[in-house]
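Right, one structure below, let's go through it.
A quick note: this is a predicted structure, and the numbers were derived from the prediction, not measured.
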Amino acid sequence: MALDRASFLKVLEDSYSAYYNIIPDAEAPGLPLIFRADYFSRNEMYFLLKENTIWGNETNEYLYLFSAERFDPDTVNKCIDFAIADMLPRVKPHKEHQYTNVKTVFVADGFDKETLKVIKKRRFNKSYNHSLYGYSSLLTAAVDMDRQKAFTNSAGQAQQKFFKKLFSLRKDSPD
């Protein structure tokens, strides 16, 4: 049984809400943004008292989920440009900042070769104070509902495993 796009979006929202703060009414004029999800993590080590911090480490991610019946290369580029422009002012680099990544996920019934090529080839990297204050990277993913397959750029390979796991769980579950 094929999973339709609307139910898969609900599954994605539920799965991301475990670790991310979901912002459903994020504004993206003219773009098919479903929601933005924010993830913040801070780890630190201290000696005897919390005031005696030895080290600290912050990692953040901003995920932008776009969904449409079909995407064309121009729309994909506009969505990615919007996500990067929206994420950059939110980055607060400092000496304990490791990274703040921007993830763009495109869910569609199908993708043509040109659109997949844009999603796979798109890159963005930015270092803050020569990487002493961390960096930012772009992770993109295209989820093809017809083929039940995910395609990513080289930085987003972990997302491919995540979507593969979601598809296999949905196939195994009795509906």
Side-chain angles (χ1 to χ4, degrees), residues 1-44 56-71 75-76 78-93 96-111 119-120 122 124 134-175:
M1 181 180 120
L3 184 63
D4 69 324
R5 189 166 36 100
S7 19
F8 188 71
L9 290 173
K10 182 65 179 145
V11 168
L12 278 178
E13 184 175 352
D14 290 345
S15 98
Y16 281 125
S17 67
Y19 296 101
Y20 289 74
N21 301 325
I22 305 292
I23 293 92
D25 53 354
E27 291 186 26
L31 300 175
L33 179 67
I34 304 300
F35 63 80
R36 185 185 86 222
D38 302 347
Y39 172 80
F40 306 104
S41 174
R42 176 165 176 77
N43 297 312
E44 59 186 20
N57 182 0
E58 288 185 11
T59 59
N60 308 310
E61 290 182 352
Y62 293 96
L63 179 133
Y64 296 83
L65 181 74
F66 299 95
S67 177
E69 193 173 316
R70 299 271 179 216
F71 283 98
T75 305
V76 165
K78 285 180 185 176
C79 291
I80 292 173
D81 291 341
F82 166 79
I84 292 169
D86 189 61
M87 179 271 308
L88 283 175
R90 299 175 197 282
V91 178
K92 305 293 184 233
E96 295 178 346
H97 173 254
Q98 183 179 0
Y99 66 80
T100 299
N101 288 338
V102 57
K103 287 185 177 180
T104 56
V105 177
F106 299 93
V107 180
D109 294 335
F111 288 92
I119 290 171
K120 288 179 180 181
R122 189 67 192 263
F124 172 80
Y135 64 92
S136 292
S137 295
L138 170 68
L139 293 74
T140 61
V143 180
D144 190 325
M145 297 305 299
D146 291 342
R147 293 185 255 181
Q148 299 232 336
K149 197 169 180 185
F151 305 91
T152 64
N153 67 352
S154 59
Q157 300 246 333
Q159 293 185 91
Q160 201 166 17
K161 294 175 187 174
F162 170 73
F163 291 118
K164 186 176 182 179
K165 190 176 182 181
L166 276 182
F167 283 132
S168 66
L169 288 175
R170 295 301 296 172
K171 286 178 187 174
D172 296 341
S173 69
D175 285 334

By salt bridge (Lys or Arg N to Asp or Glu O under 4.0 Å), R42 pairs with (sequence neighbours left out) E44, E58, E96
Exactly one candidate in I119, T140, T104 meets side chain to side chain contact (heavy atoms under 4.5 Å, CB included) with N153; the answer is T140
When every non-hydrogen atom of S136 is compared with those of V91, the smallest separation belongs to OG-CG2, 4.1 Å
Between A155 and L139 the two heavy atoms that sit nearest each other are O-CD2, 3.5 Å
Scanning both residues in full, the closest heavy-atom pair of F71 with V107 reads CE1-O, 3.6 Å
- Message: Could you tell me if the side chain of I80 sits less than 4.5 Å from the side chain of F124, heavy atoms only?
- Response: no
Point to revise | side chain to side chain contact (heavy atoms under 4.5 Å, CB included) evaluation trace for F66 with T75 | key: CA-CA 10 Å; F66 299 95; T75 305; over 6 Å; no
### Query
Within a strict 4.5 Å, meaning less than it, do heavy atoms of the D81 and R122 side chains meet?
yes
Is the F8-F167 ring centre distance short of 6.0 angstrom? yes
| said: Would you say that N60 contacts K92 through its side chain, given a criterion of any heavy-atom pair below 4.5 Å between the two side chains? | reply: no
The complete set of side chain to side chain donor-acceptor pair (under 3.5 Å) pairs with one or both residues in residues 20-32, sequence neighbours excluded, reads Y20-E61, Y20-K103
In R70, R147, R5, the residue satisfying salt bridge (charged side-chain N to carboxylate O under 4.0 Å, His left out) with D109 is R5
Rounded to the nearest 0.5 Å, the OG1 atom of T100 sits from the CG atom of L88 at a distance of 9.5 Å
All heavy atoms of L31 vs all of C79, minimum pair found to be CD2-SG, 3.9 Å
Residues passing the ring pair (Phe, Tyr, Trp, His ring centres under 6.0 Å) test with Y62, sequence neighbours excluded, are F40
One should read off an interatomic distance between D14 CG and L12 CG, to the nearest 0.5 angstrom, of 9.0 Å
* To do: Could you check if a side-chain atom of V105 sits within less than 4.5 angstrom of a side-chain atom of F162, using non-hydrogen atoms only?
  => no
Here the gap from L9 atom CG to L65 atom CG, rounded to the nearest 0.5 Å, amounts to 6.0 Å
Between the CZ atom in F106 and the CD1 atom in I34, the distance rounded to the nearest 0.5 Å is 12.0 Å
Rounded to the nearest 0.5 angstrom, the CZ-CG distance for F35 and L63 is 6.0 Å
Exercise. Is there a side-chain contact between Y16 and I22 (heavy atoms, below 4.5 Å)?
Worked result: yes
Interatomic distance, OG@S137 vs OH@Y99, rounded to 0.5 Å, equals 9.5 Å
Student check: side-chain heavy atoms of F111 and V143 closer than 4.5 Å:
no
Between A141 and T152 the two heavy atoms that sit nearest each other are CB-CG2, 3.9 Å
